[in-house]
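A short worksheet on the structure shown next.
Here is how names work: the chains are called A, B, and so on, in the same order as the sequence lines, proteins then strands, and each is numbered from 1. For the numbers below, each heavy atom of this structure counts, side chains included, while hydrogens, waters and symmetry mates do not.
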Amino acid sequence: MPTTIDAQGIYYAQVNEQIRDLVRRGENEITLTNVTGQRYIGGGIQSPDLKITVRGVAGEDLAAFMEGPTIEVMNNAQDGVGNTMNDGKIVIHGLAGDVVGYGMRGGKIFIRDDVGYRVGIHMKGFKDKQPVLVVGGCAGDFFGEYQAGGCLVLLGLTNSRKFSVVGDYCGTGMHGGVMYIRGGFKENYLGREVKHFDLTNADIAKLKPILEEFACIFGITEDIYDFHRYRKIIPVSTRPYGQLYAY
Amino acid sequence: MQETINTTVLSERDYFEEPDRQGLGIRSLKKGQYFFSLPQYCVERNDANCIRCLVCVRQCTWDSTYYDPDRNVVYNRHENCVNCRRCEAMCPTQCIQIKKWGSGFRENYHWNPKQMISVSKQADTGGVLLTGCGNDLHYETYFDRMVIDASQVTNPSIDPLREPMELRTFIGRKPEKFDPEKASSISTQDCPNYVCEIPLIFAPMSFGSISYNFQEGLARAASEMGTYFNTGEGGLHPNFHQYSKRAIVQVASGRFGVSSSYLKNSAAVEIKCGQGAKPGIGGHLPGEKVTGEISRTRMIPEGSDAISPAPQHDIYSIEDLRLLIYALKEATEYTVPISVKIAAVHNVAAIASGIIRAGADIVVLDGFRGGTGAAPTVIRDHVGIPVEVAIAQVDQRLREEGIRHQGSIIAAGGIRSSADVVKAIALGADACYVGTAALIAVGCTLCQQCHRGKCAWGITTNRADLLPRLPSDVAAERLKNLLCAWSHEIKEMLGLMGLNSIESLRGNRLKLRGVGMNSEELNVLGIKQAGV
């Protein structure tokens, strides 16, 4: 039985202290109920076995600097989900705000619906440690800005944006990692530092398990394995600004 | 004769040349680089004393010195010389002297050579000019126009060699009030502080911008002297985790190396909002410097530029800053102080007040003389304000608002000596960051080429062949000596003012007087004119 914390009317610092206290006592499953935007849930926690279920709307900087735990939010989340997170897994059964996965270094984030601006910016990766961020809906401007590693997936399932599943300046300053975007986007929305390509078999092999995990989590029945509708976006140079400077 | 030899070598090195019609070599311009072949420095070699040991050839990383075995002569490509003085320092017979090249350009007060060469380089490339180190232009330094008071007759001076003298400083938020109930066990839970045995802390210099060995030297010197080093924004190499309790770890817009353990095991966490050498713009570690270990520590592809965006994209306001400050406090379970570093700019007092009110425990003011590993020259030279006025204004404002105790002030950017430290503390700082002085301590000659990753002194490079030029134990020893010397001098200066602790000096502007300043300057600094 998971331990339940009723967050109704409790300040975030107390909620988080209670969570840390339970973790120190070896609790592996925690459910938070009546969450109304309390901030920093799971912030900085280092515990690979911990699972936190959030019933309600998770506040800003959910799982910031987190390393290991799994957090499932049964509703929406505010800005800064997975800010600089190092490892673990976040599932949002709804939509999330701006700067999701800023500077993310590892782990996985799955968001069922839309996200706001500057999502997945400055995501990093080194060798085997490659973060994954999957957005089921559409994304705002500056998606994957400065991306340096990892894998961003945008599925466009919500059809909430009319002409393009992603906003303007997508992949601006990108210099590493990969983005897969399904559904149409305006070509002039792409940053100057990236180009888009058809998926290769290697891409499909990499993407398929990620999509399967996403479909399994959210019970997606729609066919999201129509790989001809995806575009791969990668940087054209690891040094987008190498020519900007004099000798 | 000399001409012919030079030309032969130049043509081998893919230089564009006029056809050699008369059999005479004609020195001509490298493709698209007009002033490039006009040297700024001349490497003069007294050939009579040269023993052909070729140390200079091996030591030069700028491709300025070469040896012609057929003629048994060492030559120079003077245009490549950056005046780092490595060859001069290493030459066993002292036969090398680097001099300014000839007349330079025709004398011109308005167009100095630096400006002319800048224009030409930009015409060559269409690129932004990069540089290293701090602002080198001739702005008046307020430190040099302030003098320190001394005790004479009416109050006794103190002899620090034979009487107790306290340099220990606590950095961080102080409690609102002293509670005698809890006096026996003052809780640091609400107000974690870090304790400096001396008010000198090594300034943020990232692994990547500086060498592995130099960062290890900083870490070791800081540990042994009871002070701290700052990781800069490049993360902490796994081998340096043993020094993490002596590390102030930075969280900058690029978020390089920021993990949960990095935050929790530190002495303090510093949010880098700005840098004195380049206020308002992001960091940029050139791809040449992103090699294996740096790529690993920062988690970015090898050879790519390490880009730190100009803003932190989760901070667009003081409210957002509060959000990140408390995200870090939560992540570290309120065990370490949170510092916010800003470049000293206009209205710095209001900004600093907002930072303290947002929950920061420390505010770092980085003045426009502050160094950098790479910054656009135009920004380094023209943006920001002197740290002296920033300290005075911030300290004054926080006192007026009754929140000075809520945060410590650290002064950074151009602290050159123990006198600068004493003046900065008297103006209102709690402690000083020392960056450029630490570099000079280990051999830096301020040649301003840090961004090229070829530092001949092995300080600002991680090239495997250059690293051994600065062993970490040598760096640690020299840095310890520097801290030790400055502490003695600070104690002497405290003693002559009749003070026995650094705490009594903080914000004690009566100990300072201005020389050669106008009344507005004196007013901004909050000090009196010398003589009164």
### Message
Does A:K108, at its NZ atom, have more than 12 non-hydrogen atoms belonging to other residues, nucleotides or ligands within less than 6.0 Å?
### Response
no
### Contacting region of A:Y146 [heavy-atom separation from chain B under 4.5 Å]
side chain
### Query
Of the listed residues (A:R39, A:E60, A:R105, A:Q46), which shares the most heavy-atom pairs with chain B below a 4.5 Å separation?
A:R105
### Task
Measure the CG-OG1 distance between B:L328 and A:T84 for me, rounded to the nearest 0.5 Å.
8.5 Å
### Query
Closest approach of A:R20 and B:Y334, non-hydrogen atoms and distance?
NH2-CE1, 4.1 Å
### Message
Tell me if the CZ atom of B:R357 is crowded by more than 12 foreign heavy atoms within 6.0 Å.
### Response
yes
### Query
Backbone N or O of B:P376 within a donor-acceptor pair of the A:Y245 side chain at under 3.5 Å?
no
#### Entry: Greater than 12 external heavy atoms within 6.0 Å of A:F110's CZ
yes
#### Entry: Any residue of residues 120-129 of chain A which, by heavy atoms, sits under 4.5 Å from chain B
A:I121, A:H122, A:K124, A:G125, A:F126, A:K129
### Task
Provide the closest heavy-atom pair for A:G173 versus B:I307 in the form atom of the first, atom of the second, distance.
O-CD1, 4.3 Å
### Task
For the pair B:S260 (side chain) and A:M66 (backbone), establish whether a donor and an acceptor sit closer than 3.5 Å, ignoring hydrogens and angles.
no
#### Entry: Side chain, backbone, both or neither of B:R298 within contact of chain A (heavy atoms, under 4.5 Å)
backbone
### Query
Does a donor on one side chain and an acceptor on the other come within less than 3.5 Å for B:S259 and A:E67?
no
#### Entry: Shortest non-hydrogen contact between A:Y40 and B:R322, atoms and distance
OH-O, 3.9 Å
### Task
Give the member of B:G254, B:S308, B:G303, B:A306 that has the highest number of heavy-atom pairs under 4.5 Å with chain A.
B:G254
### Query
Among B:Y326, B:F256, B:Y262, who wins on heavy-atom pairs under 4.5 Å with chain A?
B:Y326
### Query
Does A:R24 pair with B:E333 as a salt bridge, N-O distance under 4.0 Å?
yes
### Summary
Okay, A:D87 and chain B: the region with an atom under 4.5 Å from a heavy atom over there is neither
### Task
For chain A, find which of B:L263, B:I300, B:D314, B:L323 contributes the most heavy-atom pairs closer than 4.5 angstrom.
B:L323
### Summary
Nearest heavy-atom contact between B:R255 and A:N83 is NH1-OD1, 2.7 Å
## Note on the structure
Ranked by heavy-atom pairs below 4.5 Å to chain B, first place among A:D61, A:D79, A:I45 goes to A:D61
### Message
Using a 6.0 Å cut-off, check whether atom NZ of B:K114 has over 12 heavy atoms from anything other than its own residue.
### Response
yes
### Task
State, to 0.1 Å, how close B:P301 and A:A148 come at their nearest heavy-atom pair, and which atoms those are.
CD-O, 3.3 Å
### Query
What pair of heavy atoms forms the shortest contact from A:V99 to B:H313, and how long is it?
CG1-O, 3.5 Å
### Query
At a heavy-atom separation under 4.5 Å, does A:E17 approach chain B through its side chain, its backbone, both, or neither?
neither
### Message
Quick check on B:E330 against chain A: is it the side chain, the backbone, both or neither that has a heavy atom closer than 4.5 Å?
### Response
both
